[in-house]
Amino acid sequence: MISVQLQKDDIYQNPFALQHDIFFKNLLSSHFDTQEEIKQAIIELKMKPQTKYFFIVSGFVDIRHKRLPSNYYWIQLNSIFRNALTNIDGNYFITLVSSNDYNKYLSSIKTRFDSFLKMNLMKAAISYSFTNLLHANIYASQAIEQLKYNLIRYDENVTYNYSEFYFTHLFYLSNRQDEMKASIHPAIKLIYRYDKKKKTEYLKTLTTYLKCNRNAPETAKALFIHKSTLFYRFSKMKDLFHINLEDSDDLFSYEYSIKLLSLLNE
């Protein structure tokens with residue numbers, strides 16, 4: 001309770017952070033009635049509404065790494081982001097950005113933002129872009145859920161895009177995971193069991209082929225095998241598991257099934 005009160009006091013010491021806090025509470029609780037009402041509130045906070053919006057949510061890998069008051073990080077983030085509003089929400093910093101070019105904006109801040117995150121032992125997640133501000137809470141949730149997922153996993157990245165997370169998020173949103181498991185293509189289940197029993201790498205071969213955009217030479221290179229060896233494996237897979245590498249719908253089903261299988265085996 002003391003920690004929560006200190007965080008609140010930290011916000012209220014900064015009148016600009018307080019204004020942002022009130023705006024975000026109304027925005028993410030869907031208290032606005034129209035987009036024009038939201039845009040007017042954004043303008044009053046000195047942000048210019050442009051064609052696209054997206055959220056960037058930042059947080060500490062370990063809360064013990066938060067060595068300075070929240071306002072310090074809030075000020076730093078506001079100096080990094082242009083045409084944006086940032087809110088302190090507990091130990092998260094939620095930033096709403098407005099830009100005409102999503103990719104160009106992220107590219108322009110990447111070096112400085114990554115340095116800030118690394119220096120403070122933080123990570124950040126970035127939502128898809130959107131145009132309807134009445135749906136802002138959905139896109140904020142995208143970034144928040146992705147950040148929670150990545151904070152407990154070790155890797156060298158500090159920023160993550162929702163395009164890398166949407167499938168995982170969809171899986172965790174489902175409350176019928178047994179039925180999702182049953183939707184895995186039977187051939188993929190068969191390959192998985194066969195690999196475990198025979199110590200083969202057919203599933204790895206197929207996964208690599210899909211990751212290489214179904215390009216055989218690139219797949220062989222990634223697997224460090226000759227192209228003729230790759231085609232031999234494909235032939236064996238057709239015989240053993242009756243997979244079809246010529247049908248786009250089947251290939252989509254295999255890729256979906258491999259992604260889902262990897263989540264179930266985490």
Side-chain angles (χ1 to χ4, degrees), residues 54 102-103 106-107 110 123-130 139 141-143 145-266:
F54 57 94
Y102 175 87
N103 293 320
L106 292 176
S107 177
K110 179 173 176 54
K123 291 186 176 184
I126 305 164
S127 76
Y128 276 150
S129 64
F130 60 97
Y139 291 89
S141 179
Q142 284 184 354
E145 292 305 313
Q146 179 170 18
L147 182 61
K148 289 179 181 178
Y149 179 84
N150 288 114
L151 282 176
I152 61 174
R153 286 163 174 78
Y154 175 78
D155 59 50
E156 295 181 353
N157 296 328
V158 289
T159 56
Y160 305 85
N161 291 322
Y162 189 72
S163 57
E164 304 158 357
F165 179 68
Y166 74 93
F167 189 85
T168 303
H169 193 202
L170 179 64
F171 173 72
Y172 286 117
L173 283 173
S174 171
N175 59 0
R176 303 170 68 176
Q177 292 185 4
D178 285 343
E179 292 187 27
M180 288 192 73
K181 184 176 180 180
S183 71
I184 295 174
H185 196 286
I188 300 303
K189 292 180 182 178
L190 186 58
I191 296 171
Y192 175 75
R193 290 194 295 266
Y194 188 95
D195 278 348
K196 287 192 73 174
K197 183 178 180 180
K198 302 287 188 177
K199 308 299 181 187
T200 50
E201 294 189 333
Y202 289 122
L203 192 60
K204 179 181 177 180
T205 301
L206 180 56
T207 302
T208 306
Y209 178 63
L210 294 168
K211 283 184 176 179
C212 290
N213 296 316
R214 305 163 193 183
N215 182 306
E218 288 298 318
T219 304
K221 183 179 178 181
L223 292 170
F224 302 102
I225 59 175
H226 195 274
K227 193 162 66 171
S228 62
T229 303
L230 177 64
F231 287 125
Y232 172 77
R233 285 189 190 177
F234 284 161
S235 178
K236 289 288 292 182
M237 291 165 71
K238 290 176 184 178
D239 291 340
L240 289 169
F241 315 117
H242 307 293
I243 65 167
N244 183 357
L245 299 179
E246 283 74 49
D247 186 276
S248 60
D249 288 336
D250 283 337
L251 288 169
F252 175 81
S253 180
Y254 302 152
E255 189 164 14
Y256 159 86
S257 298
I258 289 168
K259 287 181 180 292
L260 187 51
L261 188 63
S262 68
L263 287 172
L264 290 168
N265 289 331
E266 278 193 346

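Please read these numbers as outputs of a predicted model, since none were measured by experiment.
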(request) Sorted by first residue and then second, give each ring-ring contact (aromatic ring centres under 6.0 Å, His included) pair with at least one member in residues 235-255; sequence neighbours left out. (result) His185-Tyr254, Tyr194-Phe241, Tyr202-Phe241

(message) Can a donor-acceptor pair be found, under 3.5 Å and without considering hydrogens, that links the side chain of Ser262 to the backbone of Lys259?
(response) yes

(message) Give me each pair satisfying side chain to side chain donor-acceptor pair (under 3.5 Å) with a member in residues 157-167, each pair once, sequence neighbours excluded.
(response) Lys123-Tyr160, Asp155-Tyr160, Tyr162-His169

(request) Any side chain to side chain donor-acceptor pair (under 3.5 Å) involving residues 205-221? Give me the pairs, sequence neighbours left out, ordered by first then second residue. (result) Thr205-Arg233

(message) Are Leu240 and Ile191 packed together at the side-chain level, in the sense that at least one heavy-atom pair is separated by less than 4.5 angstrom?
(response) no

(message) Just so I know, are the side chains of Leu223 and Lys204 near enough to count as touching, which here means a heavy-atom distance under 4.5 Å?
(response) yes

(request) State the CD1-CG distance between Ile126 and Leu106, to the nearest 0.5 angstrom. (result) 4.5 Å

(message) According to ring-ring contact (aromatic ring centres under 6.0 Å, His included), who are the partners of Tyr256, at least two apart in sequence or on a separate chain?
(response) Phe167

(request) Please name all residues satisfying salt bridge (charged side-chain N to carboxylate O under 4.0 Å, His left out) with Lys110, sequence neighbours left out, ordered by chain then number. (result) Asp114

(message) Run the side chain to side chain contact (heavy atoms under 4.5 Å, CB included) test on Leu260 and Ile188 for me, step by step, so that the C-alpha distance in whole Å, both residues' side-chain angles and the decisive distance to 0.1 Å come before the verdict.
(response) CA-CA 11 Å; Leu260 187 51; Ile188 300 303; over 6 Å; no

(message) Tell me whether the rings of Tyr102 and Phe54 are parallel (<30°), tilted (30 to 60°) or perpendicular (>60°).
(response) perpendicular

(request) Not counting sequence neighbours, which residues clear side chain to side chain donor-acceptor pair (under 3.5 Å) with Ser228? List them please. (result) His226

(request) Can you tell me which residue pairs pass the salt bridge (Lys or Arg N to Asp or Glu O under 4.0 Å) test with a partner in residues 166-195, sequence neighbours excluded? (result) Arg176-Glu179

(message) Show me the pairs that pass salt bridge (Lys or Arg N to Asp or Glu O under 4.0 Å) and involve residues 236-254, at least two apart or across chains.
(response) Lys238-Glu246

